[in-house]
Amino acid sequence: MKCKITNTPLEPFMSFGKMPIANGFIDEKNFSKEFFFNMEVGFNEELSLFQLNDHPKPEEMFNKDYPFFTGSSEYMKNHFKNYANFTKKYLKTNSKIIEIGSNDGTFLKNFLDAENKILGIEPSKSVADVAIKNNIPTLNNFFNTSNIKTLNEFLGNTDLICASNVICHVPDLNNLIESVDLLLSKEGTFIFEEPYLGSMFEKISYDQIYDEHIFMFSASSVSKIFQRYNFHLIDSIPQVTHGGSMRYVLKRKKNESGKDLKKIFDYEKNKKLNKLDSCINFKKNCEISKEKIVEKIKFFKENGKSICGYAATSKSTTILNYCKIGTNYIDYICDTTKEKIGKFSPGMHIPIKDMNFFHNNMRDCVYLFAWNHKDEIFNKEKSFKGEWFSHVEL
Ligand code: DWN
């Protein structure tokens with residue numbers, strides 16, 4: 001196993017076993033052709049970087065069938081509105097803005113009224129088409145040095161490059177940073193937010209690990225990686241989204257750093273986020289979490305309770321396959337995404353049903369796979385009087 005940035009060797013410290021494509025919701029006729037990979041994770045102490053050992057090719061994951069639409073959560077739509085407002089301090093009039101992995105355009109939509117030139121770059125046609133339909137200029141392609149070559153007016157002229165829950169999906173980080181470097185103006189700013197290693201360790205939310213999430217960043221790792229390209233982390237701002245994320249602000253010049261950056265580095269040092277030891281501890285916690293959730297589900301079943309799942313998240317693929325939870329325990333998973341409904345969950349093949357089905361076929365207990373959206377979901381599902389549960393605290 002090699003670190004994807006430096007090529008230095010690193011030891012895998014944990015395997016979650018054979019995993020399918022996390023968003024590979026599948027028709028019954030294709031069960032026998034399903035793709036699996038061995039999901040191992042390792043840590044590079046030189047860069048403080050937590051990463052997957054192996055992963056499917058990006059084209060296997062991000063294509064015309066990609067079924068995750070950013071706009072599926074009202075809370076997230078509002079979050080992206082606030083995020084867009086936050087970036088305004090880095091803009092001038094007529095600024096050029098690029099979003100990497102712009103999905104259905106939920107973020108860029110917030111810049112449509114202003115006098116900015118915006119461009120989304122998104123490899124998955126399913127979601128890029130929604131953005132284009134909503135008049136958000138979108139290039140349906142992967143973000144890399146060869147695909148950005150033709151973007152003449154943006155090359156060296158882009159004031160702001162943003163990304164959300166995307167940078168950790170890009171295996172060739174070296175090429176990604178080179179592309180950012182080619183596009184960004186001298187004073188330009190690169191801002192991205194991602195699930196945070198510290199939150200994953202704290203909540204034992206190991207379901208953040210799946211094929212798409214090749215890296216799990218911290219301020220320490222981001223700072224070390226980008227320094228290699230003369231980019232400086234000038235701010236690092238915790239976010240509550242997706243169960244605990246971090247927003248990273250980078251510039252070429254080491255301008256005044258954000259007031260809390262030192263606090264974040266101190267926190268990471270205290271929690272040993274830059275040491276393999278913390279990973280070994282996390283591994284033990286994952287094993288305990290698995291035992292507990294399987295015990296809980298067995299207890300429900302032994303007591304005659306019926307169970308369904310709520311929200312067919314990417315994250316649920318890791319839980320279901322690692323804990324070997326299938327239709328022996330969970331009757332169905334309900335979800336709002338029409339592209340998932342009628343299909344089966346990757347690997348464990350639990351049927352995906354729509355929300356009407358959930359309301360007409362309520363079960364005694366509901367496994368909340370979108371635990372990160374619990375406030376939004378509990379608010380919508382006040383009529384459910386049974387028991388919500390999850391592997392993380394609700
Ligand atoms: O990085 C990623 C994150 C940000 O989003 C991706 N790689 C893919 C995706 O991960 P996820 O699928 O775990 O995301 P969410 O936002 O936790 O879950 C989305 C799923 O939940 C969708 O299938 C829609 C469903 N959902 C629902 O059925 N009812 C979501 C909400 C809020 C709801 O009320």
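One is the number of the first residue; the rest follow in order along the sequence. Whatever order the structure lists them in is the order used to number ligands and atoms, beginning at 1.
The shortest separation from a heavy atom of Phe369 to ligand 1 is not under 4.0 Å, leaving the residue out of contact. Under a 4.0 Å heavy-atom criterion, Glu194 is not in contact with ligand 1. Residue-ligand proximity: His169 is placed with a non-hydrogen atom under 4.0 Å from ligand 1. By the 4.0 Å heavy-atom criterion, His213 is counted among the residues contacting ligand 1. Not a single heavy atom of Phe62 lies less than 4.0 angstrom from ligand 1.
Counting non-hydrogen atoms of other residues, nucleotides and ligands closer than 6.0 Å to CD of Glu115 gives a total of 12 or fewer.
A salt bridge between Lys77 and Glu74 is present, with a side-chain N of the basic residue lying under 4.0 Å from a carboxylate O of the acidic one.
Heavy atoms of Lys315 found under 4.0 angstrom from ligand 1 belong to the backbone as well as the side chain.
Of all atoms in ligand 1, numbered sequentially from 1 with element shown, those under 4.0 Å from a heavy atom of His373 are 15 (P), 16 (O), 17 (O), 32 (C).
Residue Lys340 has at least one nitrogen or oxygen atom sitting less than 3.5 Å from a nitrogen or oxygen atom of ligand 1, judged on distance alone. Of the N or O atoms in Lys380, one or more lie within a sub-3.5 Å distance of an N or O in ligand 1.
The aromatic ring centroids of Phe31 and Phe344 lie less than 6.0 Å from each other. Taking the centre of each ring, Tyr206 and Tyr322 come in below the 6.0 Å mark.
Contact of the Pro195 side chain with the Asn165 side chain is registered, since non-hydrogen atoms from C-beta on lie closer than 4.5 Å.
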